[in-house]
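Letters go in sequence order (proteins before strands), and every chain restarts at 1.
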There are 2 protein chains.
Amino acid sequence: MLQLLRQSNLRMTAQRLAVLSSIDAEGRHKDAEFIVNAARQRLGSMSRQAVYDNLHALVAAGILRRIEPAGSSALYETRVADNHHHLICRGCQAVVDIDCVVGAAPCLEPDQNHGYVIDEAEIVFWGLCPECQSQTKK
Amino acid sequence: MLQLLRQSNLRMTAQRLAVLSSIDAEGRHKDAEFIVNAARQRLGSMSRQAVYDNLHALVAAGILRRIEPAGSSALYETRVADNHHHLICRGCQAVVDIDCVVGAAPCLEPDQNHGYVIDEAEIVFWGLCPECQSQTKK
DNA sequence: CAGATTATCTGGACTCTGTCCAGATAGCGG
DNA sequence: CCGCTATCTGGACAGAGTCCAGATAATCTG
């Protein structure tokens, strides 16, 4: 990890480490507000701007991945091996990871590319989590 | 169209029609600000709130579809036959439609559904449009 | 067609996320 | 230990959209 930071020409500051460890905590997909609070809890205090600066820097370095589900504010997750997708509950906005489906999915290479150079196909599955399902029935 | 409105128990007001026709204008995928301006041009004046109210009502009625690409504000498009996806330029945020790929794409039915009842698989392709490509090279 | 009902509109205050700015701090290479 | 800058801090500010309460105006009824 330290190596990753070094490679990206990122200094190892207390604030940066606080942000990183806050995201790695239980459960993934944290929003900026959560991270601000978690980091402050670790350091005593930290400016909101420093958190945003770090999130941006870490995303740019490829250490974090940022997702912006419709209806939620931006969420950050540690970038794992990769290219998994997300399944989001329409009721409570809970997010769970979905491993990338095996095999080169044909749907990820549209033939009509309109001249665009496509570099990523992002998939978001929408549904209702078990809890919200039972809540709806009531 | 009028029937659609009636079916959804929506009144036919001048404001509502202005919103609808503003979206149908050349090019699809309009944001709220564009619609506010377009509607005001047609009516002389219209409150921002009325525009939002209508957009929400029309989306709820299934007459409009709302997309929220990461990095852009919400965009609205008239709902066509359907289930096409979107290809967005990372440079200028331009959005073009991509027809749903033929055949039941296997990747759209994750086996590990975590107990969720999935009702939609949304796909967003990211890339660079022709124009932004040449701009980058310069 | 007049009256009643209530979906819609209006306008302004306000919230949430996130950004801009400029000066103060503090990692890290030498 | 020094100096260069990447980072931080704090506060003002901006964009997008929501909340509220009263005024309007489609539709429905008779």
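For the pair A:E33 CD and C:dG18 P, the interatomic distance rounds to 9 Å; values are reported in whole Å. Per the geometry, CZ belonging to A:R66 stands 13 Å off P belonging to C:dT17, to the nearest Å. The separation between A:D53 atom CG and C:dA24 atom C1' is 15 Å, rounded to whole Å. As a whole-Å value, the separation of B:N37 CG from D:dG15 C1' is 14 Å. Look at CZ on B:R48: it is 15 Å from P on C:dC9, rounded to the nearest Å. Taking atom CG on B:N9 and atom P on C:dT6, their separation rounds to 12 Å, with Å as the unit. Atom OH in B:Y52 sits roughly 23 Å away from atom P in C:dA7 (whole-Å rounding). If you measure from atom CE of A:M46 to atom C1' of D:dT9, you get 11 Å, rounded to the nearest angstrom.
No continuous path of ILVMFWY side-chain contacts below 4.5 Å connects A:I123 to B:V117, so the two sit in separate hydrophobic clusters. Linking ILVMFWY side-chain heavy atoms closer than 4.5 Å, directly or via other members, places A:L128 and A:I88 in two distinct hydrophobic clusters.
Among the atoms of the strands shown, none is found under 4.0 Å from any heavy atom of B:A57. The residue B:N54 sits close only to the backbone: its heavy atoms come under 4.0 Å of sugar-phosphate atoms, none of a base. Looking at heavy-atom distances under 4.0 Å, B:A74 makes contact with sugar-phosphate atoms alone, never a base.
At least one donor-acceptor pair under 3.5 Å links the side chain of B:R16 to the backbone N or O of B:R11. Not a single donor-acceptor pair under 3.5 Å links the side chain of A:R90 to the backbone N or O of A:W126.
Applying the side-chain hydrogen bond (donor to acceptor under 3.5 Å, both in side chains) test between A:E77 and each of A:H29, A:R66, A:K30 identifies A:H29 as the sole match.
Comparing the axis of the opening five pairs of the helix from C:dC1-D:dG30 to C:dG30-D:dC1 with that of the closing five pairs yields an angle of 50°, rounded to 10°.
A donor N or O paired with an acceptor N or O is found under 3.5 Å between the base of C:dC20 and the side-chain atoms of A:Q49.
One finds no side-chain N or O of B:H56 lying less than 4.0 angstrom from the OP1 or OP2 phosphate oxygen of D:dG17.
Counting heavy atoms of neighbouring residues, nucleotides and ligands inside a 6.0 Å radius, atom CD of B:Q41 does not exceed 12 of them. The number of heavy atoms from other shown groups lying within 6.0 Å of CG (B:N9) does not exceed 12.
Side-chain contacts under 4.5 Å among hydrophobic residues (ILVMFWY), followed directly or transitively, place A:Y52 with no other residue at all.
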Protein within reach of the bases, or only the backbone? For nucleotides 21-28 of chain D, mark each nucleotide 5' to 3' as B, S or -, using heavy atoms under 4.0 Å. -----BSS
